[in-house]
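Here is the structure we will look at.
Start at 1 with the first residue, then count along the sequence.
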Amino acid sequence: MMKSSVRSLALAALCAVSSPSPFLVAAPAPAAATVTRDQFAIRDPFVLPDDGTYYLYQAHRMADGTIGVAARTSADLDNWSQPIPVMSLPKSVGHIAVWAPEVHRHAGAYWLFTTLTFPEDPVGHPIAPMVQKGFKGGKLQPRGVWIFRSESPRGPFVPVKQGPVTPADWMCLDGTLWVEDGVPWMVFCHEWCQTGNGRMMAAPMSADLSRFTADPIELFRAADAPRGGNVTDGPFILKPKGTGLRMIWSNFLKDSGYCVLECRSRSGRITGPWHMHTPVFLEHGGHGMVFNTFDGQMTLALHQPNSGAPARLKLFPLQATREGLSRMIDVK
């Protein structure tokens, strides 16, 4: 049987499950002491405040060696539980990496968006180069945004379809959810490895988040930012009261490295046009997101450093004005 058929059968079984099962989620980790944010490594952090508890999602290696997603919990953003597995996939799926999990509460459920990468497969799953003139691409691997659904932020999360929601012949990553006029949208990155100049994309979605209802549209490209490099990473959409629609995203600026940028929609809608790519964070960290603490403080979460040492969760109180987002104090 071909690898793609094995993967489809495994995913069909997964999609058919409607109740908690050890096939989906590894047994909970035994109770252990909490750890502070400087005691564990994490990249691409995502914080979900829900019913008095903060949930922090991260890629996690399960007991059987496969990679899935786990959540840590906290009451104060300083002390965190050990990882609690919330989504796992059988080995037969064949993925080799899980990146950037994030969970959104929407339409009475919890939705996990995450990026899965598979080994290069030029025969069974070819990825054709689409490199913009003047740029260079990278390694071509099947990579896409998968979506999982649960009734609880603790899982278990079940896939909404057999495979990625993003186009199968594109290298895509870092999908995030935005709802506009009741319509869910995915904003995601079309990977620089395939395009040369990374693209920020958006597409409207079906109510069950299992498919796009129209072709994705391009919002901007990595090099559109002043001094911008070729990478688009980590989009997150926000609309602070009275300041318009904003997006933060990450890039490698040519003079300062990995960072978080802010841009704005001229129309106030997700389709843009997007402009004014300005720095929010330039200190060798990124892939940020924004949440409100339970006492109402807007907060930027990101990982730092991006390389050279294990990344840690960093939190910065933010202030939003018509002029832009600004950090109120140094990192906690």
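Taking 4.5 Å as the limit, every side-chain heavy atom of K161 sits out of range of all side-chain heavy atoms of I147. Inter-residue side-chain proximity for R61 and T66 is flagged as unmet; no heavy-atom pair is nearer than 4.5 Å. Using a 4.5 Å cut-off on side-chain heavy atoms (C-beta onward), L177 and H106 make contact. M205 is not listed as a side-chain neighbour of T213, based on a closest heavy-atom distance of 4.5 Å or more. No side-chain heavy atom of F118 sits under 4.5 Å from any side-chain heavy atom of R143. Looking at heavy atoms from C-beta onward, V145 lies out of side-chain contact with L116 at the 4.5 angstrom threshold. At least one side-chain heavy atom of R154 sits under 4.5 Å from a side-chain heavy atom of T73. Under the 4.5 Å side-chain criterion, counting only non-hydrogen atoms from C-beta, V69 is in contact with L112.
With rounding to the nearest 0.5 Å, the separation of CH2 in W111 from CG in L209 is 4.5 Å. Atom OG1 in T36 sits 13.0 Å away from atom CG in L77 (nearest 0.5 Å). Once rounded to the nearest 0.5 Å, the distance linking CG of D233 with CG of D44 reads 7.5 Å. One finds the CZ atom of R221 at 4.0 Å from the CZ atom of R199 (value rounded to the nearest 0.5 Å). S326 contributes atom OG, which lies 5.0 Å from atom CD of Q319 (distance to the nearest 0.5 angstrom). Between atom CH2 of residue W274 and atom SG of residue C263 there is a gap of 5.5 Å, rounded to the nearest 0.5 Å.
Checking side-chain atoms of Q297 against main-chain N and O of L318 turns up a donor-acceptor pair under 3.5 Å. A donor-acceptor pair under 3.5 Å links the side-chain atoms of Q194 to the main chain of D169, judged by distance alone. Judged by distance alone, the side chain of N197 and the main-chain N or O of A222 form a donor-acceptor pair under 3.5 Å.
Using a 4.0 Å cut-off between charged side-chain N and carboxylate O, R149 and D208 make no salt bridge.
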message = For D50 and R105: C-alpha separation, side-chain torsions, deciding distance, then whether salt bridge (Lys or Arg N to Asp or Glu O under 4.0 Å) applies.
response = CA-CA 9 Å; D50 188 79; R105 188 171 184 173; 2.9 Å; yes
task = Would you please test W185 and T271 for side-chain contact (heavy atoms from CB on, under 4.5 Å) and show each step?
result = CA-CA 10 Å; W185 287 72; T271 51; 3.8 Å; yes
Exercise. Where do Q304 and E283 land on the side-chain contact (heavy atoms from CB on, under 4.5 Å) test, with the steps shown first?
Worked result: CA-CA 8 Å; Q304 185 196 41; E283 289 89 63; 3.5 Å; yes
Passes side-chain contact (heavy atoms from CB on, under 4.5 Å), W178 versus T176? Steps please. CA-CA 7 Å; W178 179 251; T176 193; over 6 Å; no
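What you find for P226 and H277 is that their closest heavy atoms are CD-O, 3.6 Å. Of all heavy-atom pairs spanning V86 and A71, the tightest one is CG1-CB, 4.0 Å.
F148 has its ring centre no less than 6.0 Å from the ring centre of Y110. For F212 and F188, the ring centers sit closer than 6.0 Å to each other. Aromatic ring centres of F252 and Y258 lie closer together than 6.0 Å. Aromatic pair F46/H104: ring centres closer than 6.0 Å.
Between W170 and H190, the ring planes are parallel. Angles under 30° get that label, and only those over 60° would be called perpendicular. Using cut-offs of 30° and 60° on the angle between ring planes, the pair F220 and W249 is tilted.
Of the options M200, E191, H287, a side chain to side chain contact (heavy atoms under 4.5 Å, CB included) to D174 is made by H287 and by none of the others. A side chain to side chain contact (heavy atoms under 4.5 Å, CB included) with L302 is found for one member of R43, M289, R312, K314 and no other, namely K314.
Cluster annotation: L315 is not connected to L282 through the hydrophobic network of ILVMFWY side chains, with a link wherever side-chain heavy atoms come within less than 4.5 Å.
For the residue pair E102/T114, the side-chain donor-acceptor check at 3.5 Å is not satisfied.
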